[in-house]
Amino acid sequence: MTKPVSANEVYRLPPPLFSARCKACWFVAGLLVLIVASFWSLDLQWAQFLSLDAARSMGRFLAEFFPPDLSPEFVTKVAVGAWETLAMSALGTLLAAALGLALALPASRLHSGDAAWARAPTRLVLNALRSIPELVWAALLLISAGLGPFAGTLALALHTSGVLGRLFAEAIENAPAGPGAALRVQGVGNGRVFLFATLPQVLPQLLSYTLYRWENNIRAAAILGVVGAGGLGQLLAFHMGLFQMNKTATVLAAMLLLVGLVDALSNLSRRLLTR
């Protein structure tokens, strides 16, 4: 005799605030323990940081930045450095997007029946690329490429390709499988399935990831100049090292303007893509 089926579907009630069977509860509890242990092990000097002497020292240090150096010769020099930083970030991000997409294809499972033999080793390559910071890549490439923006551009491209490759691979694997399956039933190969079914679905997401990484690379390109990779970072390291704080303030202002400009362009591009 079959059990009668109720007309309404039975839904499970949410678990209590804490339950031994609730995996999320244990995860949150472990995370809280880790946070408490971090505060305890770092021995943060909050009293010294919030003291009046620290506030006075910080105020005296900030006062040295004013007034910034706005002489035409130095402003022209900063403008050239800003252009170098912008060019490094744009070209590095473009190279990283191309390399990341090339690595994302073997790093992803295109459909449920795909053996994806290269998935694991390609993901290890992506892990290696993004686990090495841009500063380390730049220091290594300065040996072969020499001082200047070329080494910084390559460093941004290598690190960012590891980040974008992983993001692109996840987007490809999470794409709706219906359009691709319909084409495979008709005997269409994997390459054409990707171009005409998968890529149109994930292209806005790939562009969004690329634009976001471009914003990050603006900041990273400014820092890479510290190791001699050109741009605003090289100016920043030079003038801070000489304690020329008025010139340093001008370089910092240029960085803020550049990041704001790229952020505005990125937001505008996203709105145009989502229309």
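Source: prediction; values computed, not measured.
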Heavy-atom closest pair, residues [X] and [Y]:
X: Ala138; Y: Ala155; result: N-CB, 3.5 Å
X: Met245; Y: Phe61; result: CE-CE1, 3.8 Å
X: Ala96; Y: Ala157; result: CB-O, 3.5 Å
X: Ala151; Y: Leu141; result: O-CD1, 3.8 Å
X: Leu156; Y: Ala220; result: CD2-CB, 3.6 Å
X: Ile172; Y: Ala104; result: CD1-CB, 4.3 Å

* Asked: Restricting to pairs with a member in residues 235-257, which pass ring pair (Phe, Tyr, Trp, His ring centres under 6.0 Å), not counting sequence neighbours?
  -> Phe74-His239
Test of understanding: clusters of I, L, V, M, F, W, Y form through side-chain heavy atoms closer than 4.5 Å, transitively. Do [X] and [Y] belong to the same one?
X: Leu207; Y: Leu105; value: yes
X: Phe65; Y: Leu242; value: no
X: Val78; Y: Phe66; value: yes
X: Leu257; Y: Leu235; value: no
X: Trp83; Y: Leu91; value: no

For the residue pair [X] and [Y], establish whether any side-chain heavy-atom pair is separated by less than 4.5 Å.
X: Leu236; Y: Met255; value: yes
X: Ile218; Y: Ser89; value: yes
X: Tyr212; Y: Leu167; value: no
X: Leu206; Y: Leu164; value: no
X: Lys77; Y: Val75; value: no
X: Arg219; Y: Val259; value: yes

Ignoring hydrogens and angles, tell me if any N or O in the side chain of [X] forms a donor-acceptor pair with the backbone of [Y] under 3.5 Å.
X: Ser131; Y: Ala128; answer: yes
X: His159; Y: Ile132; answer: yes
X: Trp137; Y: Leu129; answer: yes
X: Thr76; Y: Pro72; answer: yes

Would you give the length of the straight line joining atom [atom1] of [X] to atom [atom2] of [Y], rounded to the nearest 0.5 angstrom?
X: Ser161; Y: Leu95; atom1: OG; atom2: CG; result: 9.5 Å
X: Ser208; Y: Leu203; atom1: OG; atom2: CG; result: 11.0 Å
X: Leu154; Y: Glu134; atom1: CG; atom2: CD; result: 13.0 Å
X: Leu99; Y: Leu94; atom1: CG; atom2: CG; result: 11.5 Å
X: Leu158; Y: Leu140; atom1: CG; atom2: CG; result: 10.0 Å

Less than 3.5 Å apart, any donor N or O on the side chain of [X] or [Y] sitting next to an acceptor on the other?
X: Asp69; Y: Thr250; result: no
X: Thr210; Y: Arg213; result: no
X: Ser51; Y: Asp53; result: no

* Walk me through it: do Leu126 and Phe168 pass the test side-chain contact (heavy atoms from CB on, under 4.5 Å)? => CA-CA 11 Å; Leu126 293 174; Phe168 289 176; over 6 Å; no
* Asked: Taking 4.0 angstrom as the limit, do Arg166 and Glu170 come out as a salt bridge?
  -> yes
* **Pairing of Arg123 and Glu173 as salt bridge, 4.0 angstrom limit** => yes
* Asked: What residue among Val80, Leu252, Val251 forms side chain to side chain contact (heavy atoms under 4.5 Å, CB included) with Leu232?
  -> Val251
